[in-house]
Amino acid sequence: MTIRLIIGLDYTASNKYQGEHCFEGRSLHSINSDVSNPYQQVISILGKTLAPFATSGFIPAYGFGDATTSDWSVFRLKPDGECKDFDEVLRVYNEITPTVKLSGPTNFAPLIYQAIDICQKVHDYHILVIVADGQVTNERATKRAIVEACRHPLSIIVVGVGDGPWDMMREHDKGVSKFKNFSRTTFPDAEENEYCLQM
């Protein structure tokens with residue numbers, strides 16, 4: 001069976017202050033050649049853990065929550081096509097992120113519907129990995145999207161980055177726990193930092 005990966009990255013404005021403790025007060029999207037930010041760390045970890053399952057040869061990568069998409073759409077990280085692997089996802093992320101204007105609010109629904117659209121066109125099993133800094137502000141729309149995703153060969157994994165708090169995300173997870181296609185996952189703490197990569 002072919003497994004295809006899709007990745008979505010959170011560009012909401014809360015990323016500016018969610019690194020107060022875990023990233024020395026910097027934006028979680030801060031690009032610095034001396035240290036990897038939490039998003040870069042997660043992309044690298046995903047590359048090591050999920051790459052063996054990505055047999056399609058390309059990875060659709062999207063951003064959401066920026067000033068151009070707000071909570072109603074998504075944008076391609078690579079405007080002219082798909083990334084061929086996680087190394088390219090990381091390279092494109094590094095190139096485009098300094099040009100993105102963070103905004104919001106946080107809504108996973110447009111990204112989930114984009115993944116559903118891909119599933120309808122490519123009839124393989126897909127894993128959507130959403131990397132976000134915490135709280136979903138439109139829970140109703142996100143739950144509706146998750147329910148719709150149950151009708152397609154699509155699993156959704158959310159990785160939380162930043163300082164939290166994670167109460168709303170945990171409650172949201174409980175609320176959709178009956179749907180087997182949605183979960184959060186635990187990765188090893190980035191550089192032994194307990195704040196930056198949360199279950």
Side-chain angles (χ1 to χ4, degrees), residues 1-12 15 18 28 37-56 58-65 74 76-77 82-83 85-90 93 106-119 122 124-139 141-162 164 166-190 194-199:
M1 179 178 68
T2 299
I3 299 175
R4 299 179 184 269
L5 299 176
I6 306 167
I7 187 166
L9 304 179
D10 176 5
Y11 282 97
T12 55
N15 282 280
Q18 281 289 343
L28 297 179
N37 71 36
Y39 284 87
Q40 292 168 320
Q41 294 175 49
V42 169
I43 293 169
S44 296
I45 293 170
L46 290 173
K48 294 174 183 176
T49 57
L50 295 181
F53 302 99
T55 55
S56 67
F58 64 90
I59 302 172
Y62 299 93
F64 64 93
V74 298
R76 289 179 181 270
L77 290 191
E82 314 293 2
C83 298
D85 53 29
F86 276 98
D87 287 339
E88 187 172 15
V89 172
L90 183 58
Y93 168 82
T106 306
N107 183 3
F108 294 165
L111 178 62
I112 295 172
Y113 285 121
Q114 179 66 40
I116 291 172
D117 185 61
I118 293 172
C119 287
V122 182
D124 290 319
Y125 176 66
H126 291 73
I127 300 173
L128 169 62
V129 182
I130 304 173
V131 188
D133 74 345
Q135 318 297 19
V136 175
T137 52
N138 195 332
E139 291 188 58
T142 296
K143 286 181 180 179
R144 282 199 300 264
I146 293 169
V147 171
E148 177 62 27
C150 289
R151 302 186 177 100
H152 303 274
L154 175 64
S155 292
I156 303 165
I157 300 171
V158 177
V159 182
V161 294
W166 303 100
D167 296 346
M168 187 181 295
M169 182 174 276
R170 291 191 180 102
E171 288 302 313
H172 182 265
D173 196 29
K174 291 177 184 177
V176 297
S177 60
K178 62 183 177 180
F179 305 117
K180 301 302 183 182
N181 66 332
F182 181 90
S183 65
R184 288 177 293 119
T185 189
T186 303
F187 286 101
D189 287 341
E194 66 180 1
Y195 286 98
C196 278
L197 296 177
Q198 293 287 334
M199 183 178 88

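Positions are given from 1 along the sequence.
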Pairing residues for [X] by the side chain to side chain donor-acceptor pair (under 3.5 Å) criterion, not counting sequence neighbours:
| X | answer |
| --- | --- |
| D117 | K121 |
| E148 | R151, H152 |
| Y113 | none |
| Y93 | H29, N37 |

(request) Apply the test side chain to side chain contact (heavy atoms under 4.5 Å, CB included) to residues R4 and Y125: give CA-CA distance (whole Å), side-chain angles for both, the deciding distance (0.1 Å), then the verdict. (result) CA-CA 6 Å; R4 299 179 184 269; Y125 176 66; over 6 Å; no
How long is the span from the [atom1] atom in [X] to the [atom2] atom in [Y], to the nearest 0.5 Å?
| X | Y | atom1 | atom2 | value |
| --- | --- | --- | --- | --- |
| E82 | Y62 | CD | OH | 5.0 Å |
| L154 | I6 | CG | CD1 | 6.0 Å |
| L46 | I7 | CG | CD1 | 5.0 Å |
| F64 | I130 | CZ | CD1 | 6.0 Å |
| L90 | Q41 | CG | CD | 11.0 Å |
| L77 | E88 | CG | CD | 10.5 Å |

Looking at [X] and [Y], would you say the former's side chain and the latter's main chain have a donor-acceptor pair under 3.5 Å?
| X | Y | answer |
| --- | --- | --- |
| Y39 | D10 | yes |
| D133 | G162 | no |
| S155 | I127 | no |

For [X] and [Y], which heavy atoms make the closest approach, and how far apart are they?
| X | Y | value |
| --- | --- | --- |
| L50 | F86 | CB-CE1, 4.4 Å |
| L111 | G8 | CD2-CA, 3.6 Å |
| C119 | P153 | SG-O, 3.9 Å |
| A145 | I116 | O-CD1, 4.1 Å |

(request) Report the residues that fulfil salt bridge (charged side-chain N to carboxylate O under 4.0 Å, His left out) with D85, sequence neighbours left out, ordered by chain and then residue number. (result) none
(message) Once salt bridge (charged side-chain N to carboxylate O under 4.0 Å, His left out) is applied, do any residues pair with R144, and if so which ones, sequence neighbours excluded?
(response) none
(message) Is there a side chain to side chain donor-acceptor pair (under 3.5 Å) between N107 and T137? Walk through the geometry before answering.
(response) CA-CA 6 Å; N107 183 3; T137 52; over 6 Å; no
